[in-house]
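Structure, as structure tokens:
All values derive from a computational prediction rather than experimental measurement. Throughout, protein chains are lettered first and strands after them, A, B, ... in sequence-line order, and every chain is numbered starting at 1.
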Amino acid sequence: MVAGRSLGRAALSAALLLGGLAFGLFPDEAGRIDWYRAQIGVPDRLLAHAHNGTTGIYATTEQGVLAAVDADSGELRWRQLLGEHIGALQLRGGRVLTQSGANESRVRVWDAHSGSLQWEFVQPPPARRAAGGAAAFVGDSEDVVAVAGDSLVRLAPGRAVPVWELRLNSTGTYRRLVVHGSSAFAVGERADGGGLRVVEAELASGRLQKQYDIADGVALGTGHTLVLDAGAHGVYVLWREAKSIVWQIHKLGLTRPLWDMYHAKLLQEELAPEDMLTSTLAELDSDSGSSTGTPRFALTYTKDRARKTVVIELIATSDRMDMRKLTVFRSDGAVVGGSAMPGARGAAVAVRTSGATWSVHGDGARAAKGEFAYAEAAHGPVVRAALYRTAAGSTRVLVQTGGGLLAALGPDSSEPLWVRDEALAHATDMAFLDLPPPASAAEHAAKATDPAVVTSAAARYLLRWAATARELGAWTAAGFGLLEQRDKAAHAAAATTGDHFGFHKLAIFGTRTGVVTALGTQGGARVWARYLAVDGASVAIEHVFVTRRCQPLGDAPPVVVVVGRGAQNATVVAALDALTGAPLADGRLRPLPFGHARAFVLPAVGDDGQQLVGLATDGAEPRLEVWPPTAAATQAFCAAATPFFFELGDGTGSMRVRGYRAECPAAAGTSLTTTRAWTFDLPEGEALVGAARYDGAQSTALLGRVLGDRSVLYKYINPHLGTLAAQRAGRGGVAVYLFDRVSGRLLHSAQHAAARVSAAHPFLATQTENRIVYQLWHDEIPGAAPARGYVTVVADLFESDRADVRDERAEFSSLDLRLPSVVMAAFVAPEPATALGTTRTASHITTRDVVFALSSGKLLAIPDPLLDPRRPVGALSADEQAEGLVPYMASLPLDPRRVLSHGHRVAGVRRVVSAPAHLESTSLVGAYGLDLFFTRASPSGTFDQLSPSFSKLNLVVTTLALAAGCLLGGPMVRRRLVARAWA
Amino acid sequence: MHVAQLATDAQVVVNGGEQRGLIQSDGRFAVDNLRLGDSLLEIASTNYAFPKIHVRIAISEEDGQAAVAARYVQLGSKWSEETPVLAYPLQIGASAKYDFFTPRQGFSIITMFSNPYMLMVGASLVAVFVLPKLQANMDPEALKELQAKS
């Protein structure tokens with residue numbers, strides 16, 4: 001009973017605290033202070049489908065997303081996050097069929113209009129290795145056949161078990177499935193890698209009809225094989241074996257015969273054998289089951305350095321199928337694609353990045369061509385093209401670029417009809433750039449009234465007054481919230497100018513697709529984009545560093561440096577103007593002669609005011625390379641920042657973290673040798689599963705924590721603090737180590753015996769000031785077994801466990817450390833999370849919220865007092881009340897008013913970032929992963945702004961009423977005084 | 001709440017993401033290959049709160065079949081055996097719809113007049129208009145007495 005009462009008091013106190021702190025979002029602020037972008041990722045499969053008068057584009061992506069996009073506007077209609085590889089996609093009559101999963105195979109049928117799941121079948125993991133994946137509708141019926149796990153199955157809606165199942169016995173990896181007549185054909189690569197295997201099953205019973213091998217040494221999807229459905233005439237496989245100069249054709253279901261297709265006969269052109277070896281095939285109908293009976297394909301070859309593409313039709317003659325050449329066109333430098341529209345006649349579309357043109361071939365009278373406006377430098381070359389027609393019959397060309405842009409083109413306009421920039425779904429790093437504040441009217445006036453320009457003193461006087469009046473008008477407008485609109489309008493014209501409150505910055509992203517993109521944090525408009533490639537291959541960007549900020553009094557542009565990897569893992573570094581994206585060097589990227597293991601900003605500045613970047617190589621003798629690679633930069637670094645320490649080996653699976661000390665070269669050079677400073681060996685049987693460090697530079701406003709009795713508990717602030725999580729292999733459990741990254745010294749460790757880290761349960765952590773917050777899945781929550789769930793652990797580090805005791809030394813050194821006193825508490829998290837972050841404000845006076853990116857798509861901000869590890873269990877003492885502590889409760893609440901993303905589903909968040917605004921109360925918070933979301937948060941409320949409930953109308957009315965009272969009352973009082981004087 | 005109101009991408013999450021299931025258009029869902037023992041089942045939805053469910057799968061000693069016992073659980077508390085077992089197959093309804101917003105206060109005469117500024121204005125008007133009238137209605141002798149005192 002007592003426990004019940006104290007729990008009730010704790011709940012009441014927490015509710016009061018939350019009620020006091022929670023300011024929530026006003027409905028009219030949604031979409032005004034935040035923005036959201038739902039993305040799908042770079043597609044690996046695209047199909048168009050028309051149903052009930054509307055056309056949709058259906059895509060599967062590398063990130064395991066199935067999505068439907070409006071074909072006319074490019075807007076996302078719906079998406080499903082399957083989170084696993086999608087192996088098959090087919091559309092029929094308003095239904096979408098997918099097969100997904102590598103181990104556990106799932107076959108699902110979706111409603112094409114709404115994206116709702118109609119029915120599904122799950123095949124448990126096979127005893128032996130997975131056998132590919134494919135799926136196809138059975139004619140116009142509701143049934144489907146699929147390769148699921150290691151079986152060929154026929155499925156029907158409403159049935160939990162297959163109609164029939166044919167074991168494939170791990171004979172191959174089957175990735176094509178065609179239903180023809182009374183048979184289902186599965187085509188795949190043989191298990192021994194020797195070529196293709198065909199399995200024919202009777203559609204009604206699932207009985208094995210035939211099983212045989214074709215196409216020695218050939219794999220599916222390589223440009224050397226093709227499956228063509230000729231309707232009533234059968235299904236054919238085309239292939240060319242390695243070093244063979246003829247194409248071979250086989251009709252599925254017949255073990256023999258095969259026949260050959262000679263280039264000379266087909267192309268009506270003599271080819272040398274080496275020319276024949278260049279020929280490749282491309283599908284023109286992406287959905288083989290929708291062919292009209294005379295399927296078409298494209299054959300591309302090179303002769304005399306000229307590339308040509310031939311559109312060929314498979315036709316039935318009196319005794320057998322034959323090939324007919326329909327058209328031939330030059331395809332130098334073009335990406336050749338085909339029809340993505342089931343039922344459409346196969347035609348080839350050739351899209352050339354150089355010149356930005358497209359043309360359709362083999363479509364008779366409906367052949368078309370056009371140009372398009374396109375910035376290759378921003379999005380990369382076109383890598384995929386497809387053709388479809390809208391419900392109204394208009395020709396559309398869909399192009400996909402190496403950078404991840406998806407654009408729909410039409411013949412009537414060079415401007416794309418719509419674009420979707422999916423590069424940001426692959427963002428790997430991001431940095432904020434503060435923008436220079438807008439020049440005030442007074443500053444403009446000061447320039448305009450320069451005596452050298454305006455000689456008349458009277459004119460200058462009048463101009464200054466006019467400027468002051470304009471400024472006054474602007475600030476009056478600001479008082480009524482009009483300034484924000486004015487600022488928005490101004491930003492549309494000058495996106496690289498900041499605002500008065502520091503809300504508008506540039507968020508510069510680096511992506512795995514090679515694109516660097518800068519977005520404005522207010523509204524999310526793209527300011528610039530740059531595609532980075534070396535020798536035709538995109539650079540997988542890993543790091544984005546702002547190495548020179550905007551300089552109010554200088555002309556030097558701000559600089560962003562991106563570090564990535566090109567081909568063969570070679571390091572590529574590029575410096576860009578952070579306001580325009582223009583390369584600062586000659587613009588041509590070259591790979592560096594090494595591959596980096598770690599990249600970081602060095603604590604030194606070069607002659608040009610740019611912060612230097614360090615690239616550490618791994619191996620037996622790691623080196624530290626300074627970028628820019630000049631002797632002057634290295635000297636500047638050596639003069640300013642040595643000795644310099646860094647660590648390597650904290651990746652997943654590592655059992656030893658190594659610390660190195662960089663040694664400056666005796667002679668001029670850009671490379672520093674290193675000596676091993678320390679090693680941090682994990683206990684035997686443990687391997688790293690996660691690591692964390694401070695996200696950017698840290699600062700603190702309060703050195704200690706003031707307790708209820710006015711004594712101070714001093715914070716242990718170590719800028720070199722690192723966190724490691726290691727999992728024990730045998731007996732399980734996770735150990736978390738806090739260590740110093742310069743000395744390698746262990747500062748604290750915590751054991752979580754029932755915790756487990758896996759791909760589904762990642763280790764998440766965020767470090768700020770003297771606090772580390774991390775989250776671990778627990779198979780048994782300590783003290784509450786058998787309860788399971790995510791546990792959030794908070795550790796606060798103090799200089800001593802006694803108040804008013806502090807380290808009095810004036811300088812901090814990692815080489816002479818004292819151990820911290822650690823206060824820890826654990827809480828049960830409300831939902832699974834995918835990323836953690838902490839809000840940041842300008843002076844760090846405001847309390848910090850920890851932002852949880854939940855897997856349900858919410859960004860939940862948990863206030864600082866609820867994560868305080870000093871929350872006492874039970875009733876509060878007078879000192880604890882005076883300190884403002886909240887009684888401990890095991891669970892962290894999911895308060896919807898603390899959900900920053902409100903109704904948006906921010907999916908697949910990999911990182912939560914934050915930057916301070918100029919207002920101390922306000923922090924910019926962003927989340928990126930599959931989706932993007934940016935907003936403003938005020939963890940302690942908007943204490944430096946007028947209360948949201950403050951009525952400016954009331955103030956004006958009151959002032960006017962007072963003025964009116966004075967005006968009306970004044971004469972009356974004067975009359976009365978005069979009357980009294982005469983009385 | 002009808003299942004049609006639930007976003008089509010809502011998912012059933014078991015053991016924090018170890019297994020996931022999708023919800024069909026008729027509201028049915030299935031999660032396969034759950035391990036024996038205790039599991040936590042949650043519905044991941046953006047707009048609706050759902051109760052959390054403890055699922056215990058055990059092999060019956062009598063017939064060797066797997067038996068499922070599901071119970072509602074409270075986050076942060078022990079999973080009690082005394083909680084009533086839910087009917088199987090499970091039927092789960094949303095416990096609440098999230099309200100993410102704080103309503104903004106509209107214009108109100110009462111709020112306006114309870115504003116300190118308005119109270120000041122009111123007091124000033126009373127001082128200007130009402131006090132002289134009170135003074136005029138006072139007994140002249142009492143008035144003189146007051147003036148003499150001041």
Side-chain angles (χ1 to χ4, degrees), chain A residues 22-28 30 78-81 83 104 108 111 114-120 122 124-125 760-761 777 784 786-790 827-828 830-832 855-858 889-891 894 896-897 899 902-905 948-949 951 953-955 957-958 961-962 965 969 972-973 976, chain B residues 4 7-11 13 15-26 28-33 37-40 42-47 49 52 54 56 73-79 96-105 107 111-112 115-118 120-121 124-125 128-129 132:
Chain A
F23 288 86
L25 196 68
F26 294 113
D28 53 293
W78 57 262
R79 63 177 176 174
Q80 290 286 355
L81 279 62
E104 200 174 65
R108 293 178 171 124
D111 177 58
S114 66
S116 61
L117 179 65
Q118 303 282 305
W119 58 274
E120 66 177 334
V122 181
H761 305 118
W777 169 260
R788 335 177 79 195
Y790 280 101
F827 305 92
V828 181
E831 282 186 13
S855 62
S856 61
K858 303 182 198 71
M889 286 183 73
S891 62
L894 201 167
R897 289 179 301 166
V899 175
H902 45 95
H904 295 307
R905 185 184 183 187
S949 61
S951 171
L953 184 67
N954 272 2
L955 178 64
V957 169
T958 308
L962 282 169
M972 291 167 66
V973 171
R976 188 167 290 269
Chain B
T8 56
D9 57 0
Q11 294 190 348
V13 180
N15 287 338
E18 210 164 73
Q19 273 102 8
R20 288 177 183 274
L22 297 175
I23 300 168
Q24 297 182 19
S25 50
D26 58 4
R28 287 188 297 174
F29 68 87
V31 185
D32 290 80
N33 302 318
D38 300 293
S39 293
L40 175 66
E42 300 166 279
I43 308 289
S45 164
T46 310
N47 293 306
K52 295 179 190 297
H54 163 211
R56 173 168 289 173
V73 289
Q74 199 70 34
L75 199 67
S77 60
K78 285 188 177 179
W79 290 359
K97 188 175 193 300
Y98 289 124
D99 183 4
F100 300 108
F101 301 110
T102 304
R104 199 186 272 283
Q105 287 181 335
F107 181 76
T111 311
M112 185 174 166
N115 188 296
Y117 296 110
M118 293 308 290
M120 282 164 55
V121 169
S124 305
L125 290 175
V128 169
F129 293 104

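- One finds the CG atom of B:Asp9 at 4.5 Å from the CZ atom of A:Arg905 (value rounded to the nearest 0.5 Å).
- Options B:Ser25, B:Gly37, B:Ser77 differ in how many heavy-atom pairs under 4.5 Å they form with chain A, and the most are formed by B:Ser25.
- At a 4.5 Å heavy-atom cutoff, the contact between A:His761 and chain B is made by side-chain atoms alone.
- Residues passing the ring pair (Phe, Tyr, Trp, His ring centres under 6.0 Å) test with B:Trp79 are B:His54, sequence neighbours excluded.
- For the pair A:Pro896 and B:Asp99, the minimum side-chain heavy-atom distance is 4.5 Å or more.
- Here the shortest heavy-atom pairing between A:Tyr790 and B:Gly16 reads OH-O, 2.9 Å.
- In terms of heavy-atom pairs under 4.5 angstrom with chain B, the leader among A:Pro832, A:Gly83, A:Ser856, A:Ala787 is A:Ala787.
- Closest heavy-atom contact between A:Ala760 and B:Gly17: CB-O, 3.5 Å.
- With A:Arg788 contributing its side chain and B:Asp38 its backbone, the two residues share a donor-acceptor pair below 3.5 Å.
- Looking only at distances, a side-chain donor or acceptor of B:Lys52 sits under 3.5 Å from a matching main-chain atom of A:Pro830.
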Inset, instruction - With side-chain contact (heavy atoms from CB on, under 4.5 Å) as the test, would you mind laying out the steps for A:Trp777 and B:Asn15 before giving the verdict? - result: CA-CA 9 Å; A:Trp777 169 260; B:Asn15 287 338; 3.8 Å; yes
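- Note on A:Val973, A:Val957, A:Val122: by heavy-atom pairs under 4.5 Å with chain B, the leading option is A:Val122.
- B:Arg20 is linked by a side chain to side chain donor-acceptor pair (under 3.5 Å) to B:Gln11, counting only residues two or more places apart in sequence or in another chain.
- With chain A as partner, the option from B:Gln74, B:Arg28, B:Glu42 having the largest number of non-hydrogen pairs under 4.5 angstrom is B:Glu42.
- A distance of 13.0 Å separates CZ in B:Phe29 from CG in A:Leu117, rounded to the nearest 0.5 Å.
- Only the side chain of A:Asp28 comes within less than 4.5 Å of a heavy atom of chain B; its backbone N, CA, C and O stay farther away.
- Smallest separation of non-hydrogen atoms from B:Arg56 and A:Pro786: NH2-CG, 3.7 Å.
- Taking all atoms of both residues into account, the shortest heavy-atom contact from B:Thr102 to A:Phe26 is O-CD2, 3.1 Å.
- Looking at every heavy atom in both residues, A:Ser891 comes nearest to B:Leu75 through CB-O, 3.6 Å.
- To the nearest 0.5 Å, atoms CG (B:Asn47) and NE2 (A:His904) are separated by 10.5 Å.
- The minimum heavy-atom distance linking A:Gln80 with B:Leu22 is given by the pair OE1-CD2, 4.2 Å.
- Only the side chain of A:Arg108 comes within less than 4.5 Å of a heavy atom of chain B; its backbone N, CA, C and O stay farther away.
- When each of A:Val899, A:Leu962, A:Val828, A:Thr958 is scored by its heavy-atom pairs under 4.5 Å with chain B, the top score falls to A:Thr958.
- Heavy atoms of B:Ile23 lying under 4.5 Å from chain A belong exclusively to its backbone.
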